[in-house]
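To start, the structure itself, in structure tokens.
Note on naming: letters A, B, ... go to the chains in the order of the sequence lines (proteins, then strands), and numbering restarts at 1 for each one. Atom set for the values below is all heavy atoms of this structure, side chains included, hydrogens, waters and symmetry mates excluded.
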Amino acid sequence: MELNELEKIRIEKIRRLKELGIESYPTRSNIDTTIKKACDAFIKAEQNEMPDPIAVTLGGRMRSLRVMGKLAFTHIEDSTGKIQLFLRVNELGEKLQIFKDFFDLGDFVEAHGTMIRTKTGEISLQVDDFRMLAKAITALPAAKEEMIDGQVVRYTGLSDPEIRYRQRYADLVVNPDVKKIFYTRTKLVNSLREFLNQNDFLEVETPILQPIYGGAAAKPFTTHHNQLHQDLYLRISFELYLKRLLVGGLDRVYEIGRDFRNEGVSYKHNPEFTQLEFYCAYFDYLKVMDFTEKMIRYAAEKTLGTTQLSYNGIEFDLSKPWNRVNMREGILEKTGIDIANYTDRETLSSVMKEKGMQFKPEIPRGKLIDHLVSEYLEPSFLQPTFLYDYPWEISPLAKRKPDDPTTTERFEGFIAGMELCNAFTELNDPIDQELRFLEMGRAYATDDDENNPIDEDYLQAMRYGMPPNGGFGMGIDRLTMLFTDSSTIREVLLFPHLRDRDNESAEGVPAV
RNA sequence: GGGCGUAUAGCUCAAUGGUAGAGCAGUAGCCUUUUAAGCUAUUGGUUCUGGGUUCGAAUCCCAGUACGCUCACCA
């Protein structure tokens, strides 16, 4: 490992401390409370006429340091807050020199003393003893502000996005807003769980390693089980396993977990992402719509304390009902094309060409419609919107409308032009399902990557009888983006996927 | 995958083709109520990598790598 100058200096300090009999990484600490608890107790005690002195042992990371001749100030930080340590020669004698010589920003320290207020009124710990808990060798980026010519110059501690994502640990220490995003994310997930649990849903865990992948159209990651000599896929969705559970009599189930898709990375795509899926017996897609509105509203109230959100300058209110747009009507309104009049690929593609639209000419009808939606509808869905009634060709797991077998009871939810969720009245007819699987196989026969093999066992499950039910899937990362006003998915992932930096094995291998 | 852009000290950034700098951090010294501490001095560079042009390259050209934006792809 290559050490820079600053790191060598700190290693030398560790060595010199050892000579003085001081361990830089002791095994145990003697901390007896958190910074917040100590401050709260002190504030409470101050309200008495003659408060008793409060003695505590606190621990944390040194975040600021001001050393003078015979005294020193430093702020230490734990996950509950920050407090100033006040170190004087009066209490510490010669030991103060140890602090001045060997303690640096970033070190974890422990300090015993009495809670006081300094002359400026700041709650502080007047230290009578201190210890190193863990020496930091690499210096944290310095975060400071300075007045230059009347302008506040902010030295952002760490702003290079590459280092921020690759060394998220440093990012979290230095940039407090980052920490806030992940607290919000966890609160959001907790609130969704809470809501589903309150509605009698059962949380379950289904296989991530799957012999047949399905439930979505996406390229999978593949892997191999050595002993079983079996190729396996990382799941691209939970759908087919969760619906098996409805056959088994678990009427309301949900799972929150990771999906993996071997596809492009973008501001709203990461190869692994967190999904919420639920399935509810005896629901149809209209009930799922209502339920979705309630759930997301609940999540906003619980997580943010408000339903008024702003994303990328777009204001929206989750307490209001979402807009509902019928797909056929929506497309007609935006493009003048009534897809009901063009029932095959050729006619639809030729009218689209007449309108001067750019698209791959060979794609099937379903994908043409999908193109119309993503090109002309999605970007206009800035306010929360359900787009509903999707063509059957692109919805192989959704039930057909009773009065129109070419259309399925399916909707997707959008906010700020971004797809957030996808739901339908689930197809529970095993005979139709088999036809649909066969049809999919034909449609994608030329496209190897998306040619999902037929899941015979899933059909077997359905033949035992699956209750009518409504299902729902939502990207948790995207909802977190909306809740934290983050412009890219990487900001809401602790460790977003990045390309290998120094991959020796990749060297000299020509790009395929 | 395409286009555009970025890469310089630990961090944030400067630098007409002509000696590679600043602030913060660091180091040494002074300093008993600081919190942007202050004052004095000072260390620190494979200018992303590899080629090329040139008397001379951080700067211009070519190739590569990583990152960013964007387009394409993506139920």
Side-chain angles (χ1 to χ4, degrees), chain A residues 2-10 12-13 63-75 82 84-91 96 100-101 104-106 116-122 124 126 137-148 152-166 170 174 215-219 236-237 239 261-269 271 358-360 366-367 369-371 373-374 390-391 393-398 408 410 412 419 422 424 440 444 449-450 452 473 487-488 490 498-503 506-508 510-512:
Chain A
E2 200 76 16
L3 290 174
N4 65 40
E5 189 89 5
L6 301 183
E7 290 167 331
K8 284 176 188 156
I9 289 167
R10 297 230 182 155
E12 174 64 12
K13 286 183 179 180
R63 295 308 310 280
S64 69
L65 184 56
R66 294 170 295 284
V67 177
M68 277 145 240
K70 293 191 172 65
L71 74 163
F73 296 91
T74 177
H75 278 94
K82 270 190 202 176
Q84 179 170 263
L85 303 185
F86 181 29
L87 301 98
R88 297 198 303 181
V89 75
N90 310 39
E91 284 80 28
L96 182 64
K100 287 164 67 177
D101 287 346
D104 292 299
L105 288 176
I116 57 154
R117 276 188 195 272
T118 58
K119 277 184 185 167
T120 55
E122 179 169 351
S124 306
Q126 183 158 310
I137 291 171
T138 305
L140 288 164
K144 285 221 167 183
E145 289 179 347
E146 193 180 19
M147 289 290 275
I148 293 178
V152 176
V153 178
R154 184 181 291 275
Y155 299 97
T156 49
L158 186 59
S159 62
D160 177 356
E162 186 176 352
I163 301 178
R164 286 191 48 229
Y165 299 142
R166 285 194 198 278
V174 170
K219 295 167 200 163
I236 59 172
S237 95
E239 176 152 6
R261 297 189 182 174
N262 205 339
E263 289 174 352
V265 178
S266 82
Y267 74 95
K268 54 181 177 179
H269 296 91
Q358 303 274 326
F359 57 95
K360 275 195 195 164
K367 289 212 163 186
I369 294 171
D370 200 48
H371 174 82
V373 168
S374 55
Y390 278 61
E393 297 100 317
I394 53 172
S395 314
L397 299 162
T408 60
R410 170 181 175 191
E412 289 190 354
E419 181 195 334
N422 179 24
F424 21 96
M440 289 301 287
Y444 291 112
D449 292 321
E450 292 183 12
N452 303 8
S487 60
T488 150
R490 289 183 298 270
L498 293 178
R499 203 168 267 127
D500 258 5
R501 191 94 214 235
D502 298 301
N503 190 346
E507 261 175 45
V512 178

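- We find that CZ of Arg63(A) is positioned 14 Å from P of rA25(B), with the value rounded to whole Å.
- Comparing rG64(B) with rG1(B), their P atoms are spaced 12 Å from each other, to the whole Å.
- Under the side-chain contact (heavy atoms from CB on, under 4.5 Å) criterion, Lys70(A) pairs with Val89(A), not counting sequence neighbours.
- Closest approach to the Lys367(A) side chain among rA75(B), rU27(B), rU43(B) is made by rA75(B) (side chain taken as heavy atoms from C-beta onward).
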Exercise. Given Watson-Crick or G-U pairs with both distances under 3.5 Å, what dot-bracket string fits RNA chain B, with | for other-strand pairs and [ ] for crossing?
Worked result: (((((((..((((....[..)))).(((((.......))))).....(((((..]....))))))))))))....
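- As judged by a 4.0 angstrom heavy-atom cut-off over every strand, Lys268(A) is placed among residues making no nucleic acid contact.
- For Glu122(A), there are no salt bridge (charged side-chain N to carboxylate O under 4.0 Å, His left out) partners at least two apart in sequence or on another chain.
- Evaluation of the side-chain contact (heavy atoms from CB on, under 4.5 Å) rule for Asp104(A) yields Arg10(A), Lys13(A), Asp107(A), Lys135(A) as partners, not counting sequence neighbours.
- Comparing the same atom, P, in rU8(B) and in rU47(B) gives a spacing of 11 Å after rounding to whole Å.
- Nearest-nucleotide positions on RNA chain B for Ile163(A) and Asp101(A) put Ile163(A) closer to the 5' end.
- Here Phe86(A) lies in heavy-atom contact (under 4.0 Å) with a base.
- Scanning for ring-ring contact (aromatic ring centres under 6.0 Å, His included) contacts around Phe86(A) gives Phe73(A), with sequence neighbours left out.
- Nucleotides rU6(B) and rU59(B) place their P atoms 13 Å apart, quoted to the nearest Å.
- The side chain to side chain donor-acceptor pair (under 3.5 Å) search around Asn90(A) returns none, not counting sequence neighbours.
- Residues meeting the side-chain contact (heavy atoms from CB on, under 4.5 Å) test with Ser266(A), sequence neighbours left out: Lys268(A), His269(A).
- Among the atoms of the strands shown, only primed sugar atoms or phosphate atoms (P, OP1, OP2) are found under 4.0 Å from some heavy atom of Asp160(A).
- Contact annotation: side chain of Thr118(A) to base of rU34(B), donor-acceptor pair present below 3.5 Å.
- For Asn262(A), the side-chain contact (heavy atoms from CB on, under 4.5 Å) test picks out Lys219(A), Phe221(A), with sequence neighbours left out.
- Nearest nucleotide to the side chain of Met68(A), out of rU27(B), rA75(B), rU33(B): rU33(B).
- Each of rC11(B), rA66(B), rC74(B) was ranked by its minimum atom distance to the side chain of Leu158(A); first place goes to rC11(B).
- When each of Lys119(A) and Thr138(A) is assigned the nucleotide of RNA chain B with its nearest heavy atom, Thr138(A) is the one assigned upstream, toward the 5' end.
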Below 3.5 Å is the cut-off: list the nitrogen or oxygen pairs between protein and nucleotides 68-70 of chain B, distance only.
from    : atom 1 : to        : atom 2 : distance (Å)
rG68(B) : OP1    : Arg490(A) : NE     : 3.1
rC69(B) : OP1    : Arg490(A) : NH2    : 3.3
rC69(B) : OP2    : Arg490(A) : NH2    : 3.0

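- Listed candidates were rU27(B), rU34(B), rA75(B). Nearest to the side chain of Arg410(A) is rA75(B).
- Heavy atoms of Glu122(A) sit under 4.0 angstrom from at least one base atom.
- Side-chain proximity of Leu105(A) to the nucleotides rA25(B), rU34(B), rU27(B) is greatest for rA25(B).
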